[in-house]
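Accompanying notes for the structure given below.
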Amino acid sequence: LNLPKLDIERNLDAEDELVEITKEWLADEGKERDKRIHASDLLDPRKAYWNAQKKEPVTKPMAGNFMVGKVLHAFFSTAMNGKKGLCLKDTDVGGTWDKSLGISFSNDWEKKIKSKDSPHGIPYELKTSRALNEQTNRDLSTYLEQLCIYMAAKMSLVGRLVVLRLMGKNKEKGYGTFPQYRAYEIKWKKKDLDGYRKQIVDAAKLLTKALKLKKPKILPLCRDWKCGEGNCGHWKYCKPEGRYGVTKWKS
C-alpha cells in the first residue's frame with residue numbers, strides 16, 4: 001500500500017495520559033497483595049519498612065518496568081499452568097503463608113516432578129532482562145535470592161531460574177533481536193537449605209521488630225542500585241546513613 005502524505009507529530013499529552021492510566025492499573029492490582037511480610041521484602045528490608053509506612057510514588061520508569069514485568073509474569077504463570085487467556089492472579093501477591101518462616105510467598109511456577117530432592121516439585125522463578133549480552137553466573141546472583149527463598153520454603157534442593165531476555169541477539173536465520181528464554185538449574189546441599197531458612201527467619205523477625213518499634217535503622221541498607229535520590233521515593237524519609245547528603249547518591 002502507498003501511504004498518502006501524513007502529518008506525524010509526537011503527542012506528549014497522550015503519552016502522559018497512558019502513563020497515568022498504567023499507574024492507576026498497577027495501584028489497583030497491588031491492593032490484592034498480602035499485607036504480611038512477603039518473600040520479596042527480605043531482599044531489601046529497609047525499603048520494605050518504608051513501603052509499609054508510606055506509599056512510594058510510582059515514577060514513569062517504574063510504571064513501564066512494573067507493567068512489563070506484571071504482564072510477562074501473568075503470561076508465564078498462565079501458560080505453564082495450562083490455563084486459557086491471561087490470568088493476572090497469583091503474580092507476586094503472596095499466595096502461600098509459611099508459618100515456620102514467617103513470610104508469604106508465591107513462586108512463579110512449580111513443576112510437579114516430585115523426588116527426594118524436591119518433595120513438593122521444582123520451584124521456578126521468572127525474571128526479565130534487557131541486557132544485550134549473555135549474563136554470567138555473577139550477573140544472575142541478583143536473581144537467585146528470591147528463588148532460594150522459594151526453594152527453602154518448599155524444602156527443595158533443586159530450583160530453576162528462568163530469564164526471559166527481551167533483547168536477545170538473533171542467532172537463528174534473520175537479524176536483530178527477539179525475546180529468548182534462558183533456563184538455569186540451581187542446586188544446593190541440605191545444610192545450605194537449612195542455613196538459608198535460618199537467614200529468612202532472622203530477617204523476617206528483624207523486619208517485624210523494626211515495624212513494631214518504628215526503628216528502620218536497625219535494618220541493613222538497601223542494595224546500591226536500589227538506593228539514591230533518583231532511585232527511591234523514600235530517600236528523604238529514610239536518609240540512609242553514610243549515603244544521605246553524599247554527592248555520589250544524589251543522582
Side-chain angles (χ1 to χ4, degrees), residues 26-58 62 66 69-70 73 89-108 110 119-120 123-127 141-156 159 161 186 188 190-228 231-244 249:
L26 289 167
D28 189 59
E29 286 294 314
K31 291 177 182 178
E32 296 187 16
R33 182 178 172 127
D34 193 323
K35 301 304 180 184
R36 295 173 291 185
I37 293 177
H38 185 265
S40 59
D41 292 332
L42 303 186
L43 306 183
D44 293 283
R46 179 84 69 101
K47 189 174 183 69
Y49 172 91
W50 286 109
N51 284 341
Q53 305 304 315
K54 302 175 181 291
K55 188 173 182 180
E56 183 178 17
V58 179
M62 288 167 64
F66 289 169
K70 186 83 174 175
H73 273 76
K89 301 295 182 183
D90 299 327
T91 54
D92 198 35
V93 295
T96 302
W97 174 255
D98 190 309
K99 185 177 180 180
S100 65
L101 295 177
I103 62 168
S104 64
F105 70 95
S106 49
N107 47 292
D108 293 322
E110 196 166 277
H120 304 289
Y124 276 61
E125 171 71 349
L126 173 70
K127 295 294 185 183
S141 63
T142 57
Y143 298 153
L144 295 175
E145 290 176 71
Q146 199 160 339
L147 173 60
C148 284
I149 294 177
Y150 302 148
M151 291 168 65
K154 294 290 184 177
M155 300 300 292
S156 180
L161 171 67
I186 311 301
W188 58 4
K190 179 63 165 58
K191 65 180 180 63
D192 297 316
L193 185 155
D194 293 338
Y196 207 74
R197 283 182 64 88
K198 184 178 185 306
Q199 286 190 66
I200 294 170
V201 171
D202 291 345
K205 285 181 177 178
L206 187 62
L207 178 53
T208 300
K209 181 179 179 180
L211 289 166
K212 182 178 180 179
L213 300 178
K214 304 292 185 183
K215 291 185 176 181
K217 291 193 182 297
I218 67 174
L219 298 168
L221 294 174
C222 296
R223 288 168 287 184
D224 289 6
W225 59 273
K226 277 197 172 182
C227 195
N231 291 330
C232 182
H234 303 306
W235 176 254
K236 64 180 180 179
Y237 304 109
C238 180
K239 296 181 180 179
E241 53 275 21
R243 296 177 179 177
Y244 192 76
W249 299 95

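None of these values were measured; they are calculated from a predicted model.
- At least one side-chain heavy atom of Trp188 sits under 4.5 Å from a side-chain heavy atom of Cys148.
- Enclosure of atom NZ in Lys209 is not indicated, since only 12 or fewer non-hydrogen atoms of other residues, nucleotides or ligands lie within 6.0 angstrom.
- Note: His38 NE2 to Arg36 CZ = 11.0 Å, rounded to the nearest 0.5 Å.
- Of all non-hydrogen atoms in Phe105 and Lys154, the two that sit nearest each other are CE1-CE, 3.9 Å.
- Residues Tyr244 and Lys236 come closest through the heavy atom pair CE1-CA, 4.2 Å.
- Two residues are said to be in side-chain contact when any heavy atoms from C-beta on lie closer than 4.5 Å; Met151 and Asn107 fail this criterion.
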Verify side-chain contact (heavy atoms from CB on, under 4.5 Å) between Ser40 and Gln146, making sure each step is shown before the conclusion. CA-CA 7 Å; Ser40 59; Gln146 199 160 339; 3.9 Å; yes

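- When all heavy atoms of Arg46 and Pro240 are compared, the closest pair comes out as NH1-CA, 4.2 Å.
- One N or O on the side chain of Asp108 and one on the backbone of Leu126 form a donor-acceptor pair closer than 3.5 Å.
- Residues Tyr49 and Ala210 approach most closely at CE1-O, 3.3 Å, considering heavy atoms.
- Rounded to the nearest 0.5 Å, atoms CD1 (Ile200) and CG (Asp98) are 8.5 Å apart.
- Taking the side chain as every heavy atom from C-beta outward, Glu125 and Leu144 never approach each other to under 4.5 Å.
- Separating the NE2 atom in His234 from the NZ atom in Lys55 is a distance of 11.5 Å, to the nearest 0.5 Å.
- Taking 4.5 Å as the limit, some side-chain heavy atom of Arg197 sits within range of a side-chain heavy atom of Leu101.
- Atom-to-atom distance recorded for Cys227:SG and Trp235:CH2 is 5.0 Å, nearest 0.5 angstrom.
- The backbone N or O of Ser156 sits nowhere less than 3.5 Å from a side-chain atom of His120 that would complete a donor-acceptor pair.
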Quick one: do Asp194 and Lys190 satisfy salt bridge (Lys or Arg N to Asp or Glu O under 4.0 Å)? Show the steps, please. CA-CA 6 Å; Asp194 293 338; Lys190 179 63 165 58; 2.9 Å; yes

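- Side-chain contact between Tyr237 and Gln53: absent, with no pair of heavy atoms (C-beta onward) separated by less than 4.5 Å.
- Separating the NZ atom in Lys47 from the CG atom in Asn231 is a distance of 8.5 Å, to the nearest 0.5 Å.
- The CG atom of Leu43 lies 8.0 Å from the CG atom of Asp41; values are rounded to the nearest 0.5 Å.
- Leu219 and Pro45 get closest at one heavy-atom pair: CD1-O, 3.5 Å.
- Within the 3.5 Å criterion, the main-chain N or O of Glu56 finds no donor-acceptor partner in the side chain of Asn51.
- Residues Ala39 and Ile149 approach most closely at O-CD1, 3.5 Å, considering heavy atoms.
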